[in-house]
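Positions are given from 1, in the same order as the sequence printed here. One-based numbering, in listed order, for ligands and for the atoms of each.
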Amino acid sequence: MSNGFALRNLNNRLGSAAVSDYGAHVLRWRPAGEAEDVVWSPSSVILASNKAIVGGVPIVFPWFGPGFANGHGLGKKPNHGFGRIRTWQLDAESFSHDYAHYTLDSADLEPGDVPWLESAEEGADAPTPQFHADYEVRATDTLTVTLTVANTGATAFSYEAALHTYFHVSDVAQVRLAGLGGAHYADATDGFKPCVQSDPEVSFTGPVDRVYESDGVLELHDAGLNRTVRIAKSGSAQTVVWNPGKPYGTLVNDKVAGEWREFVCAEAANCREYAVTLAPGESHALSQSIAVL
Ligand SMILES: O=P(O)(O)OC[C@H]1O[C@@H](O)[C@H](O)[C@@H](O)[C@@H]1O
């Protein structure tokens with residue numbers, strides 16, 4: 001099932017954004033008056049079936065990284081789940097200059113997409129999760145993205161999710177991320193070692209890949225771009241903070257352009273031990289809201 005690689009432009013007097021139907025992926029966003037995009041896109045964006053778009057706001061669903069259950073990684077592919085490499089259905093009637101609404105249903109998936117959190121206990125005979133996912137994008141002087149997943153079947157299921165936003169920064173080494181002081185985190189660069197954020201601000205002097213226990217608001221201070229970005233969220237127990245700290249394989253021009261220096265990812269997440277479990281009929285909304293202060 002595919003309707004190609006349609007790109008939607010949201011343009012209004014308060015801001016502009018572009019969204020791809022493939023992945024329901026916000027590619028970029030900029031409030032009016034800002035010289036640079038706030039949601040970052042690399043210099044080359046490849047749109048290809050079964051290939052994840054890098055940059056923008058990837059939807060991580062229904063597993064994070066290789067997936068996680070019962071205390072261990074699951075080695076699942078694709079990395080960060082299939083939600084990012086499926087063409088979502090745009091609600092053409094409600095689409096406007098500042099709003100896009102997408103849906104993805106388990107009924108539309110391809111063989112192999114489900115079941116997803118299989119484990120030794122569940123095995124291959126685990127019931128196939130039935131879900132309906134809504135994704136809403138509102139782009140004005142604030143960008144708000146909301147992923148709502150409903151269990152439409154007769155059996156409970158769990159899923160991981162994240163709104164994996166790439167923020168444009170002047171130089172990753174110069175920016176500071178505030179709002180996580182004192183928070184516990186798992187350091188993914190060191191086998192998910194448990195740590196505590198002792199400094200009130202996160203700085204990026206090397207590879208950073210951390211899963212914080214935090215539902216709080218962040219402020220991304222960027223003296224080079226002369227701005228502070230406020231990053232709020234709801235329905236999210238964790239904040240993932242990531243920058244590779246070196247050229248990154250999936251960025252096409254990285255070795256030439258050093259693009260890894262131009263972004264910081266701050267993700268509203270529910271993953272690993274905080275995967276969401278939905279009983280039949282239940283739903284959960286995960287939202288991130290971004291504005292320049
Ligand atoms: O899939 P992308 O967009 O290249 O991002 C990958 C990164 O995504 C982050 O969410 C993870 O914490 C990192 O471990 C991972 O490397």
Exercise for the section: May I ask you to check whether Tyr135 and His101 place their ring centers less than 6.0 Å from one another? Expected result: no
Just list the side-chain donor-acceptor pairs under 3.5 Å for residues 257-265, sequence neighbours left out, or say none.
unit_1 : atom_1 : unit_2 : atom_2 : d
Glu259 : OE2    : Ser43  : N      : 2.7
Glu259 : OE2    : Ser43  : OG     : 2.8
Glu262 : OE1    : Trp40  : NE1    : 2.8

Under 3.5 Å, which donor-acceptor pairs do the side chains of residues 268-275 form with other protein atoms, sequence neighbours left out?
unit_1 : atom_1 : unit_2 : atom_2 : d
Asn270 : OD1    : Ala237 : N      : 2.9
Asn270 : ND2    : Gly235 : O      : 2.8
Tyr274 : OH     : Glu213 : OE1    : 3.3

Handout entry: Residues that, via side-chain heavy atoms closer than 4.5 angstrom, fall in one hydrophobic cluster with Val256
Key = none
Please tabulate protein-ligand N/O pairs under 3.5 Å for ligand 1, atom names and distances to 0.1 Å.
unit_1   : atom_1 : unit_2 : atom_2 : d
ligand 1 : 1 (O)  : Arg84  : NH1    : 2.8
ligand 1 : 1 (O)  : Arg84  : NH2    : 3.3
ligand 1 : 3 (O)  : Arg84  : NH2    : 2.7
ligand 1 : 3 (O)  : His164 : NE2    : 3.1
ligand 1 : 3 (O)  : Tyr166 : OH     : 2.4
ligand 1 : 4 (O)  : Tyr248 : OH     : 2.8
ligand 1 : 5 (O)  : His164 : NE2    : 3.0
ligand 1 : 8 (O)  : His80  : NE2    : 2.9
ligand 1 : 8 (O)  : His164 : NE2    : 3.2
ligand 1 : 10 (O) : His80  : NE2    : 3.2
ligand 1 : 10 (O) : Glu267 : OE1    : 3.1
ligand 1 : 10 (O) : Glu267 : OE2    : 2.7
ligand 1 : 12 (O) : Asp209 : OD1    : 2.6
ligand 1 : 14 (O) : Asp209 : OD2    : 2.5

Problem - Parallel, tilted or perpendicular, as decided by the 30° and 60° cut-offs, for the rings of Phe157 and Tyr159 - result: tilted
Problem - Greater than 12 external heavy atoms within 6.0 Å of Asn50's CG - result: yes
